[in-house]
Amino acid sequence: MPAAVKRILPQLITLLGVMVLVSLVFPDFLSIDYSDGRLVGPVIDVLKRGAPVALLAVGMTLVVATGGIDLSVGTLMAITGAVAAAAIVAGHGLVLAIVLALAAGLCAGGFSGFLVAVVGIQPIVATLILMISGRGIAQLITEGRILTFNMPGFAFLGSGTLLGVPVPVWIWLAVTALAIVIVRRTALGLLIESVGINRRASALAGVNARVILIAVYMASGLCAALAGIITTADIRGADANNAGLWLELDAILATVLGGNSLRGGRFSISAAVIGALIIQTINTGILLAGFPSEYNLVIKAVLVILILVVQSPSLAGDLKRLGSQLSRRAPRRSAKAAPQRSDR
Amino acid sequence: MKKLLAISVAVMGFGTTAAVAETVGFSQIGSESGWRAAETTITRQQAEKRGIDLRFSDAQQRQENQIAALRSFVAQGVDAILLAPVVSTGWDNILMEARDAEIPVVLLDRRIDAPDDLYMTAVGADSVHEGEVAGGWLVDEVGDRQCNVVELQGTTGSSVAIERKQGFENAIADHPNISIIRSQTGDFTRSGGKEVMESFLQAENGGRNICALFSHNDDMAVGAIQAIKEAGLNPGEDILTVSIDGVPDYFRAMANGDANATVELTPNMAGPAFDALQAWWQDGTLPPKFIQTPSTLYTQADDPEGEYQRRKDLGY
Amino acid sequence: MLLALQSLTKTFVGMKALDEVDFELASGEVHALLGENGAGKSTLIKCLTGVYRRDAGSILLDGRDISPDSTSRAQALGIGTVYQEVNLLPNLTVAQNLTFGHEPRRFGIISPRAQRRRAAQMLEGYGLDIDLDRDLGSYSVAVQQLVAIARAVELSGRVLILDEPTASLDDREVQMLFAVVRRLRDRGLGIIFVSHFLDQVYALCDRITVLRNGCRIVTERSDSLDRVRLIEHMLGRELAAQEESEKRHRRSAPLAGEPLLSFAGVGRRGFVEPFDLEVQRGEVIGMSGLLGSGRTETAELMFGIRRMHSGTVSDAEGDLRLNNPRDAIAAGFGFAPEDRKTDGIIADLSIRDNIVLAMQARRGWLRRVPRAEQKRLAADYIERLDIRTSGPEKAVGELSGGNQQKVVLARWLAMNPRFLVLDEPTRGIDVGAHAEILQLVRELTARGMAVLVISSELDELIAVSDRVIVLRDRRQVARLSGSDITLENVVHAIAASDEHREVSA
Ligand SMILES: Nc1ncnc2c1ncn2[C@@H]1O[C@H](COP(=O)(O)OP(=O)(O)OP(=O)(O)O)[C@@H](O)[C@H]1O
Ligand SMILES: [Mg+2]
């Protein structure tokens, strides 16, 4: 099995498991229809609704790989959405609206990155600044209301379809693929990992840790901007109060479900994106199942805890050890021990 | 300041009666929603119309700011205070200070947990009643037809969501032909409404089982209407929509024939509040402890385009 | 028997690190545990103290079966350990580190005064004069090592384990440590001592156990096991004559002509006094001095890790800018730091990634070193430096200490720098590899590279250097070259008081 597949196998299995679970409570979950040139079905909804968190997870994974965390992405979605909507309402064209929103995301990411890499503020604090104050900025732009606009071209990014598949799906697929190519076909991935594992040693080996750190926060800002554009386009309005609310937490969760360590180091973007799909499958599953909404959060929490526990390496090690202990009744000496987690 | 203002008013020739311009402090929660922005706008308009000097303070969602604002109003010796409380507890002390200074306090929109002798009156809508009006419209609309309703709830556990749900259920209780088949929270947001509606459509045979949508607020309904359209159905015809709040975007949807009815939660809380205050200033009439604002039903027959035009600049 | 390990076995993914090893420790003895890099010494210790879970085998303390599952449990049983990689908390103060876990309390609250007093007591006898309230991380590796030792000594009621404790210590400190160890031995403790310095082993230890490839080869009294046989046990082959003989390589005539680099008046206030140094093509400069004499600091200044406050560095082309390591690398410098764990390796990355890292950083992220080239480099250096690993993709953190050191060396050798600074390059490296690395240094210089070696090990320094610089109090106090480089002269220069210092221009 190629190493790349092996890495995401636990996430794929989990995703499959969650899908089976959802199919139990909603048997039509896997059915897909084709009507007026587009695919419809719960799975398509998962792919489409999962777009914002999947996009955030791409950026978050890079930040987490450097040992950081970006709490500002949810708020950045609100800011960038507001920027795009304001640009459209002010009569600027589609291209300019998108460019301005992306630029806003890049700048905000650059700001956080500067605080982390140059000023030396802890990432959680540095990004908290924008997380808290950013919604105020977004509200200033929208003047506290939902800034509604009418521009089919822009709305297409949120609710259009291309070759039968919703546009947001294409966007996150493309961004994920692009990000993977950039980090794995160039040396960027290696440099990010090395800074995340040991920034000092990396700097001594000549890695420009500052630039790398600023770059990952900018990438995260860019991903947040795309997510913000999609959400804004989807509802044809910028909702400064609610756009991306708490999504930074979902993005972090997706990254963790993807098996990425919050302490930094080796990372997998594809696994994080699958993590985002796992979360969205749970969300959509809950909606489809028709349970009273009071249970939404409880169900989600229970499932997430379950997944994390099952995926935890020490538990996996314990299970294997248990298995091997059960299977060996023979004298201890001939026993073949299972490989263990190295507790460093 | 008050004196100065009185003089200026007199000089300008408005103060023909004995009335001097009263000063009223208004502590607003913030501008977290369009409705609130509209409330602020209308409060200002109402004050201006009545020649009241309004001191406005935006608390930016923080109770500390509201308490500080109230304290400064007391210190300035205003004639009355309007308070839209951000939370329901923790007001006793500052309200006592106001009472000791003999400044009447009128609560707007939201209620608080405090002895009711600490404030003069509370102005607000009755959420149960709103739900009843919405449900009543649907009952009249469908008659004896069988009708499956999907419900978009507000934020789980919020009192508004609980009460509007209650009211709607009261209204349809005696009509077994109307039943709620799915009910989920859309968190009062447009995107929440859209996402949940998509799942409703998905779960109910592409929406063909759904006769009507009842949404706890207009924002969710606007999102849901988009979802219905994207699923290839005709909102307003294939699926009737009734909702609560009366925000401009929803009126526009009604004007386009995409939505059927809404029950307005009027942002004009200040009008009744000023009425009560002025009555009290005039002859000491004490208002009742709760002044319920009207919950008006608007349908496509009620000139939705005109209503949209009237509201679009209020800050929604 | 105080402590007995029976049939201890430990397997890591794809390899057996310990294969049914038996080991006994009597009370009142110092028992050396020897073997090549990757032989399994540290693994044995970690299984014993519960850092690793053993796969099979038993551990008897005073005849009772024990199975500690963590270092703190082992401590509770009276087993104190200094691990090969210092594992204290750099962001706590020295006093906090020393008393961590058993802080003196008053009314249940930690009393800083008592804590300091206790810490001062613990450090007595090590000749350390340091500020107990400063963060441990601000001190050199050697100081940290001594603090770790003091802490372990305090905690060990029955057994003291020292895994390469002297790797970064100088002679004086080694002697003090030995005095402490002998005292403990006389009190009836059992001491396990791991080292690659055979002189020290013979000076201190009563018995010797040799491990090779995870198997116990021999246990013998040290007075009956001679050096050559010991080395043969460790290497599993006969030692070639040239490896054992101390081969002095001295250039007959110093290379004339343009210096490769010249440092003029380079210094930093409160860090390193300004110094001048001309580096010739193809020479090995040894740098010696006591702990805290400014050796590592000088290297940090040369490599741009700290900015210089004064002076210039120039080559034949003109002045060089050395504001940060990247500048230094661009100028053709390389630096293998002393503390490999914090400054050298990227533990979770593979050997291959670690070796290409500096090269990759130099080329920029867009121009990835081609995969085939990466593989070739990794295979090449694994072979040349004899890095013991199951393959190039193994995470460096999972290598034995000495092999990690080799990976850091490989990173810089792959850069082919013109001026390479090696800070304690043979720290933790076994006898066989030691000779190989010194050999390698000679080969490099023969091709024109200049090397600056910092080492506490004077024999090594003398053997390899064309010139020796001696530092004291952050200042160069002596320069020796040619036949002046003798152990006696170096020791004299290190120890000489200021009146007698001989500064040759
Ligand atoms: N956590 C781990 N995971 C995988 N392999 C490991 C791990 N720790 C050690 N090893 C392997 O076990 C073998 C023995 O390593 P160990 O650290 O015990 O050697 P050592 O004798 O202490 O060597 P050195 O003198 O270099 O310190 C080595 O080949 C090493 O690669
Ligand atoms: Mg070791």
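From a predicted model like this one, the values you see are computed outputs, not experimental measurements. Chain letters run A, B, ... following the sequence lines, proteins first and then strands; every chain starts at 1.
Proximity to chain B (any heavy atom under 4.5 Å) is shown, for A:Ala243, by neither the backbone nor the side chain. Looking at B:Gln153, only its side chain comes within 4.5 Å of chain A, counting heavy atoms on both sides. Only the backbone of A:Phe291 comes within less than 4.5 Å of a heavy atom of chain B; no side-chain atom from C-beta onward does. Contacts between B:Arg190 and chain A at a heavy-atom distance below 4.5 Å involve backbone atoms as well as side-chain atoms. In this structure, no portion of A:Asp33 lies under 4.5 Å from any heavy atom of chain B. Both the backbone and the side chain of B:Thr185 come within contact range of chain A, judged by heavy atoms closer than 4.5 Å. The parts of A:Ile286 that come within reach of chain B are both its backbone and its side chain, each placing non-hydrogen atoms under 4.5 angstrom from that chain. Proximity to chain A (any heavy atom under 4.5 Å) is restricted, for B:Asp219, to the side chain, taken from C-beta onward. Interface residue B:Gln226: only side-chain heavy atoms are found under 4.5 Å from chain A.
Counting only N and O atoms by type, the side chains of A:Asp70 and A:Ser72 include a donor and acceptor under 3.5 Å apart.
Comparing A:Asn296, A:Thr142, A:Val40 by heavy-atom pairs within less than 4.5 Å of chain B, the highest count is held by A:Asn296. Interface remark: of the candidates A:Gln139, A:Glu294, A:Arg135, A:Glu294 forms the most heavy-atom pairs closer than 4.5 Å to chain B. Chain B forms the most heavy-atom pairs under 4.5 Å with one residue out of A:Ser31, A:Gly41, A:Pro292, and that residue is A:Gly41. Comparing B:Arg36, B:Arg182, B:Lys194, B:Gln60 by heavy-atom pairs within less than 4.5 Å of chain A, the highest count is held by B:Lys194. In terms of heavy-atom pairs under 4.5 angstrom with chain B, the leader among A:Glu143, A:Arg38, A:Arg49, A:Arg145 is A:Arg49. Per-residue counts of heavy-atom pairs under 4.5 Å with chain B were compared for A:Ser35, A:Ser159, A:Ala289; the largest is that of A:Ser159.
Nearest approach of A:Thr281 to A:Val46, heavy atoms of both residues: OG1-CG1, 3.6 Å.
Between B:Phe251 and B:Tyr298, the ring planes are perpendicular. Angles over 60° get that label, and only those under 30° would be called parallel.
Heavy-atom proximity under 4.5 angstrom to chain B picks out A:Asp234, A:Ile235, A:Arg236, A:Gly237, A:Asp239, A:Asn241 from residues 224-241 of chain A.
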task: Could you please spell out the steps behind the salt bridge (charged side-chain N to carboxylate O under 4.0 Å, His left out) verdict for B:Arg252 and B:Asp249?
output: CA-CA 5 Å; B:Arg252 195 163 52 181; B:Asp249 281 344; 3.4 Å; yes

